[in-house]
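Note that ligands are numbered from 1 as they come in the structure, with each ligand's atoms numbered from 1 the same way.
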Amino acid sequence: MRGWNGKLLRVNLSTGRVLAQEYSRDVAQTFLGGRGFAIRLLWDELESGTRALSPENKLIFAAGPLTGFPLPSSGKLVVAAKSPLTGGYGDGNVGTRAAVQLREAGYDLLVVEGEASRPTVLRVEDEESELLSGEDYWGLGALETEERLRKEYGRTVGVVTIGPAGENLVKFANVVSQEGRAGGRPGMGAVMGSKNLKALVLKGSKTIPVADSDRLKELGKEGYREVLEKPNYEFWKRQGTMATIEWSQENSVLPTQNFREGVFEEAEDIGGFAMEELKVSQRGCPQCNMTCGNVIEDAEGQESELDYENVAMLGSNIGLGHLKQVGVLNRLADDYGLDTISLGNVLGFAMEASEKGLLDYRIEWGDFQAAKALTEDIVHRRGVGSVLAEGTQAAAQKLGGEASTWAMNIKSLEITGYDCHAAPGMALSFGTSPIGAHHKDAWVISWEMKVGRGSYTEAKVEKVIEFQRIRGGIFECLTTCRLPWIEVGFKLEWYPKFLKAATGMDLSLGDLFRIADRVYSLMRAFWVREYGKAWDHKMDVPPARWFRQPLTEGPFKGATLDREKYQDMLQRYYRKRGWDQRGVPTKNTLAHLGLPEVAEELSQYIKLTP
Ligand code: SF4
């Protein structure tokens, strides 16, 4: 195979068995890589009903056919498993040297099975693999663990670790790499912790097979140059995603006080320009010349790498308007291996519950010290922290009453940084995201602001699907970063050219969309297989707050989502995807996407529509 190594490394931590296996060209061509490989493998190999934190779950690190080549922003790795937070398919992507090293070691995927009897570090160097004691690292923060491992095994190794949150099975623990680049929001760090796997250390020295090396180099050079020459490149380098704080405030979508409001009176203090005043350096993922990690010195004199989501969720969403303090919470979350977005939701939920007198614990909006203390309680599962460590959905069930109406999650995954009281298209994007509420698959909100935010149109349904095909399909399968395309206008047409030079496959964007649709329907089938008859379209509906509790401030004061119109949009979305009224792919759709065997198996769990 060209472009792909055609091999996966399977490591069983219970038995210590390590096996290099080949996979077929057909799988490569029909699922591409990254998320596509992960869902194919989880569908094929995971028994329905497998407990997410049991040895039977499989933790997958998957690269794509462009990963590791000198192409713009191609140093990403997908991490996936059945999610302990949602009970469905979970994944995330991390920009990391480990992606490149995995490919240069001769593998496209690493599949971790079983459970080690003691804390373990998995080291892979080309054909050699070993399971080392991780006892010395257990309990350490992710940042220190990586630093120590790189000191021991060399600065160029790729390291992926968990922090104490993953060790303590916090349901929104993620995996961390390269000084705070993190991924796997739906608890991929907890899955790694449940396997007693503290870290991966990867190193490779091989040349990744390529169809046309000269053409690939030429395209890479041209691509990097084009990114550099984009008119907004300079501003992007200054602020990265942080400029979105001001944009969200202007558009009244900045999550504020647990998504009660869309404007925050101290927005300016935590925005892109405030960040520029504090910026000390910049970091980025491998193979990327957009380096969007803005590093500031936080309120405790340490470095913290900020982006929009972290600041919105740990700033305005908890009523905290002091950027250096937001920086501390963000750094702690990275070091503990906690997803910052879910943490901001959980803290906001706790503050609201405390305000309403539902918690035997006082925590006020914007109280930095209390937020820090509660974060530590969550990580170590102390007192109320243990309840919150299960995520907002489980915590709301425990509190009872109306709490679930303002537990801001969809399918149990906490919503990311955009308030949707007055953004129905973005609400649909969150509702239908394949891992639970996340913006990464279809960030339609900026487009929606331009076309009219109050409407529930066909065009919005189509835009959500189009973006899901591009962002959730093409980018997550190629495992390249979507930001060059979104933020500086790097043309989508580059990617079929990159793919052809790497693999020899001549695929149009339409062909790639079809692969994306296949991957989407398979991810949906996975969810439905897990939930069986309990699966229902309500799984794709945002929390009641956005329908029932209007904004009380800002230019959209009084706005709410309209439930009936949202439901109508959702049904239109299903029809366009070839799914039935419950949001389940029909037999016909699965057959049309080349997945007839999936239909056959799925019909054992739920009656399928022909
Ligand atoms: S744009 Fe940012 S997130 Fe994307 S690859 Fe570059 S540094 Fe990483």
One residue to check: Lys76. Relative to ligand 1, which of side chain, backbone, both or neither has a non-hydrogen atom less than 4.0 Å away? side chain
Using a 4.0 Å heavy-atom cut-off, which part of Cys288 comes near ligand 1: side chain, backbone, both, or neither? side chain
shortest atom 4 (Fe) of ligand 1-to-protein heavy-atom contact is with Cys481 SG, 2.3 Å
Return the residue, atom name and 0.1 Å-rounded distance of the protein heavy atom closest to atom 2 (Fe) of ligand 1. Cys292 SG, 2.3 Å
Closest non-hydrogen atoms of Val379 and Pro164, given as atom of the first, atom of the second and distance, are CG1-CB, 3.8 Å
Please work out whether the ring planes of Trp247 and Trp443 are parallel, tilted or perpendicular, with thresholds of 30° and 60°. tilted
So is Gln287 touching ligand 1 or not, going by heavy atoms under 4.0 Å? no
Is the shortest side-chain N to carboxylate O distance from Asp298 to Arg331 below 4.0 Å? yes
Under 4.0 Å between a side-chain nitrogen and a carboxylate oxygen: does that hold for Glu476 and Arg471? no
Does either side chain, that of Gln178 or that of Glu146, offer a donor lying less than 3.5 Å from an acceptor on the other one? no
For ligand 1, which atoms, with element, lie under 4.0 Å from some heavy atom of Arg181? 7 (S), 8 (Fe)
Do other residues, nucleotides or ligands put more than 12 heavy atoms under 6.0 Å from Glu268 CD? no
May I ask you to check whether Cys285 brings an N, O or S atom to under 2.8 Å from atom 4 (Fe) of ligand 1? no
